[in-house]
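A, B, ... follow the sequence lines: proteins, then strands. Residue 1 opens every chain.
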Protein chains: 2
Amino acid sequence: MPNIREIAKRAGVGIATVSRYINNTGYVSEEVKLKIQKEIDESGYTPNALARAIFTKNSKTLGLMIPNITNPFFNQMATVIEEHANRFGYTLFLCNTEDNEEKEKEYLEVLKSHRVAGIIASRSMCKDEYLNIQIPVISFENHISSSILTISSDNYKGGKMAFNHLYERGCRNILHIKGPKTFDATEMRYQGFIDGAKEKNIEVHVIGFESDFQVKMLEENLNNIINIEKYDGIFVFNDIAAATVMKYLKEKGIRIPDDIQIIGFDNSFICELVHPSLTTIEQPIKDLGALAVEFLIDLINGEDIVIKNYLVETKLIQRESTFLSSEVMSQSLVD
Amino acid sequence: MPNIREIAKRAGVGIATVSRYINNTGYVSEEVKLKIQKEIDESGYTPNALARAIFTKNSKTLGLMIPNITNPFFNQMATVIEEHANRFGYTLFLCNTEDNEEKEKEYLEVLKSHRVAGIIASRSMCKDEYLNIQIPVISFENHISSSILTISSDNYKGGKMAFNHLYERGCRNILHIKGPKTFDATEMRYQGFIDGAKEKNIEVHVIGFESDFQVKMLEENLNNIINIEKYDGIFVFNDIAAATVMKYLKEKGIRIPDDIQIIGFDNSFICELVHPSLTTIEQPIKDLGALAVEFLIDLINGEDIVIKNYLVETKLIQRESTFLSSEVMSQSLVD
DNA sequence: CTGAAAGCGCTAACAC
DNA sequence: GTGTTAGCGCTTTCAG
């Protein structure tokens, strides 16, 4: 791959002229333009973004720091973020932290060394490392520090919504299967759920679950609930875990929604794939991703962002795992 | 963020000494080492990987070009690839092509400009663009060109395995729901399936499906199969599509595996999530990903790789959607 | 309109 | 052991 000097020489012009032509900055005569383009085409020249970045102090790259690209929520976020970043001319470094502090720290160093223009992070395990970072950072789902804008869906309201939905569908013996304590998002869902129950003076049960997306462990947990059949409604912290619960119930011969109604969180593709389809609280992933990128680009461009917490509304998506409206009619007669 | 000159000045040493210290190349006295480290710590200095790359001609970055990080197969691959790349000190650019030729071409330019050390690509829509590329490339799943090593699981054998399994489980009226024509992988599964059927002198039916991972479209297709209940076994090109088929069947009151047995492909987490759990052909994703990275690193390091096609064995994972062994016993008496 | 030259941050000869 | 210097490929003044 030739460099700009080579192109300049071949085209018989100065190096600055080639630069001006490539970047469309300053005047270049039509005639010269053609000559340069010809040399570029023939040699397969592509400007070196690294050299450019060194000078312009903008690498046009972003770091995406997430626990696990295998998780539907994060891979959907990644898709939206990638698409938007692209629109602004930015390319993404993929950093899977595996919720591992060491790995995240290392990645943070790598991103710094590659001089990424900004970082979008979620569920940090080394929040202190972000305190004196000189790179613009946006966080989603989890709070990192008071100086970093966090974008998330309104998990609290979502949790309350979940409770209220089960309540309205006639459930009075409700269980919440709650996510790991270290995740702000699932913690908020739990809070919203609890508060919803208090408002209706309903006593609810909660069991915790200590790691993300590990179906096996969830199954073990479920076996510890001796009388799961005594509940008539379950709110699970996310869709995949909810699907696992559904499977467990089906295997015990418990009918959904007839015996137990169930509601998840996220509105991932899983909801439509399971039978019966899963009622859930939708997180507006497209909005979350778009906002994250737009705020980050603003920060990169030196704009001041005063807001430190940005909540996006969630939405109930009703499906078969809680009674559909037609069935609710007849059910309410019984109630 | 200071630069190396700044650190050198503050530590009262030469710039080359700092470089030597950082890169552990050449001698530096203990005393000076301490002074330099102190300045690095105090200033939060991180070496500029961009500048370094310009000189060393190795950016220590790789491009991962895949259709869609939302697809479980690709996000699992991405996870393995990321992990291995990391082990060799490489960081990944995430490039979702969406199976879109324009997007892939643009990304190829971006990757070139960022001087990635290598590219791992799958399911390219612009194979010609790879012909004269000056960057090491490894492809997985799909063939790009005769000069590019393709790593994939043995989809042909996998397809045959799927047929044979259904056959052994007693199915004689078998349907294959086949993936898009443009995907080498699903095409090979189809071929293996067909050939397996020929060997047993069984006539099979095949319906095609023209886009990836679009559950809605699959459902529309299914409605066109008037008599799906006449089949007793179905092989679907991947697990998600298979799960969709299962759901469709359940809604029609067809029992799995009693009325129709079903087998998928990939062994993604979906298999364990659906009820009954889904029998499938496992792709050894960990091996595929590890191999892809290792071969790519070899290429980057200038090694010659003569092999142009590397197949990894698939494996049958039997679950409830085809009879489990105990049930097979009694079933074979009937047969 | 165009080119020479300085400088971005780094590495590696090459002297001392 | 260490510092000076050239040069990696680029952009951008600043003359002409």
Side-chain angles (χ1 to χ4, degrees), chain A residues 1-37 39-40 43-61 89 109-117 134-135, chain B residues 1-37 39-40 43-61 89 109-117 134-135:
Chain A
M1 174 94 67
N3 59 22
I4 196 171
R5 212 175 330 268
E6 181 77 16
I7 299 293
K9 195 162 56 175
R10 288 205 217 177
V13 299
I15 184 178
T17 308
V18 177
S19 173
R20 271 192 297 264
Y21 169 66
I22 291 171
N23 299 296
N24 223 317
T25 155
Y27 299 97
V28 179
S29 71
E30 283 307 317
E31 188 188 10
V32 171
K33 275 184 186 172
L34 285 172
K35 260 198 291 193
I36 295 174
Q37 187 57 53
E39 294 304 331
I40 289 179
S43 62
Y45 169 73
T46 311
N48 186 323
L50 274 32
R52 183 178 286 170
I54 265 183
F55 189 91
T56 61
K57 307 222 173 280
N58 186 346
S59 60
K60 290 297 210 167
T61 57
E109 276 311 302
V110 170
L111 293 181
K112 273 189 204 164
S113 74
H114 281 288
R115 298 296 189 267
V116 293
Q134 296 100 326
I135 302 171
Chain B
M1 173 93 65
N3 59 22
I4 196 170
R5 213 176 327 269
E6 182 78 15
I7 300 293
K9 194 162 56 173
R10 289 204 216 177
V13 299
I15 184 179
T17 308
V18 177
S19 174
R20 271 192 297 265
Y21 169 65
I22 290 171
N23 299 296
N24 224 314
T25 154
Y27 300 98
V28 180
S29 72
E30 283 308 317
E31 188 188 11
V32 171
K33 275 185 185 171
L34 285 171
K35 260 198 291 190
I36 295 174
Q37 187 56 55
E39 294 304 330
I40 289 179
S43 63
Y45 168 73
T46 310
N48 187 324
L50 273 32
R52 183 178 287 171
I54 267 183
F55 189 90
T56 61
K57 308 226 174 276
N58 185 347
S59 61
K60 290 296 211 167
T61 56
E109 276 311 303
V110 170
L111 292 181
K112 273 189 206 165
S113 74
H114 282 288
R115 298 296 189 266
V116 293
Q134 296 99 329
I135 303 172

Yes or no on side-chain contact (heavy atoms from CB on, under 4.5 Å) for Y45(B) and I22(B), after CA distance, side-chain angles and deciding distance? CA-CA 11 Å; Y45(B) 168 73; I22(B) 290 171; 3.6 Å; yes
If I take atom [atom1] in residue [X] and atom [atom2] in nucleotide [N], what distance separates them, rounded to the nearest angstrom?
X: E30(B); N: dG1(D); atom1: CD; atom2: C1'; result: 12 Å
X: K9(A); N: dG9(D); atom1: NZ; atom2: C1'; result: 14 Å
X: I15(B); N: dC8(C); atom1: CD1; atom2: P; result: 11 Å
X: H114(A); N: dC10(C); atom1: NE2; atom2: P; result: 13 Å
X: Y27(A); N: dC14(D); atom1: OH; atom2: C1'; result: 17 Å
X: N48(A); N: dC10(C); atom1: CG; atom2: P; result: 16 Å
X: N24(B); N: dG1(D); atom1: CG; atom2: P; result: 15 Å
X: E6(A); N: dC8(D); atom1: CD; atom2: P; result: 12 Å

Walk me through whether E39(A) and K35(A) qualify under salt bridge (charged side-chain N to carboxylate O under 4.0 Å, His left out). CA-CA 6 Å; E39(A) 294 304 331; K35(A) 260 198 291 193; over 6 Å; no
Which pairs, with at least one residue in residues 11-26 of chain B and sequence neighbours excluded, count as a salt bridge (charged side-chain N to carboxylate O under 4.0 Å, His left out)? none
Residues in contact with DNA chain C, drawn from residues 49-56 of chain A - heavy-atom cutoff 4.0 Å: I54(A), F55(A)
On the side chain of R5(B), is there an atom forming a donor-acceptor pair with the base of dG7(C) - under 3.5 Å, no angle test? no
On the side chain of R20(A), is there an atom forming a donor-acceptor pair with the base of dG3(C) - under 3.5 Å, no angle test? yes
Which nucleotide in the list dT2(D), dC10(C), dT2(C) gets nearest to the side chain of Y45(B)? dC10(C)
Given dC10(C), dG9(D), dC1(C), identify the nucleotide with an atom nearest to the side chain of N3(A). dG9(D)
Flag the pair [X] / [Y] as yes when at least one side-chain heavy-atom distance between them is below 4.5 Å, and no otherwise.
X: I4(A); Y: P47(A); result: no
X: T17(B); Y: V32(B); result: yes
X: K60(B); Y: R52(B); result: no

On DNA chain D, compare the nucleotides closest to A16(A) and M1(A); which residue's is nearer the 5' end? M1(A)
Assuming nearest nucleotide by heavy-atom distance, tell me which of K57(B) and T17(B) is located more 5' along DNA chain D. T17(B)
Report yes if a side-chain nitrogen or oxygen of N23(A) is closer than 4.0 Å to either non-bridging phosphate oxygen (OP1 or OP2) of dT11(D); otherwise report no. yes
side-chain N/O S19(B) vs dT11(C) OP1/OP2, d < 4.0 Å: yes
Working to the nearest 0.5 angstrom, can you tell me the gap between E6(A) CD and S43(A) OG? 8.0 Å
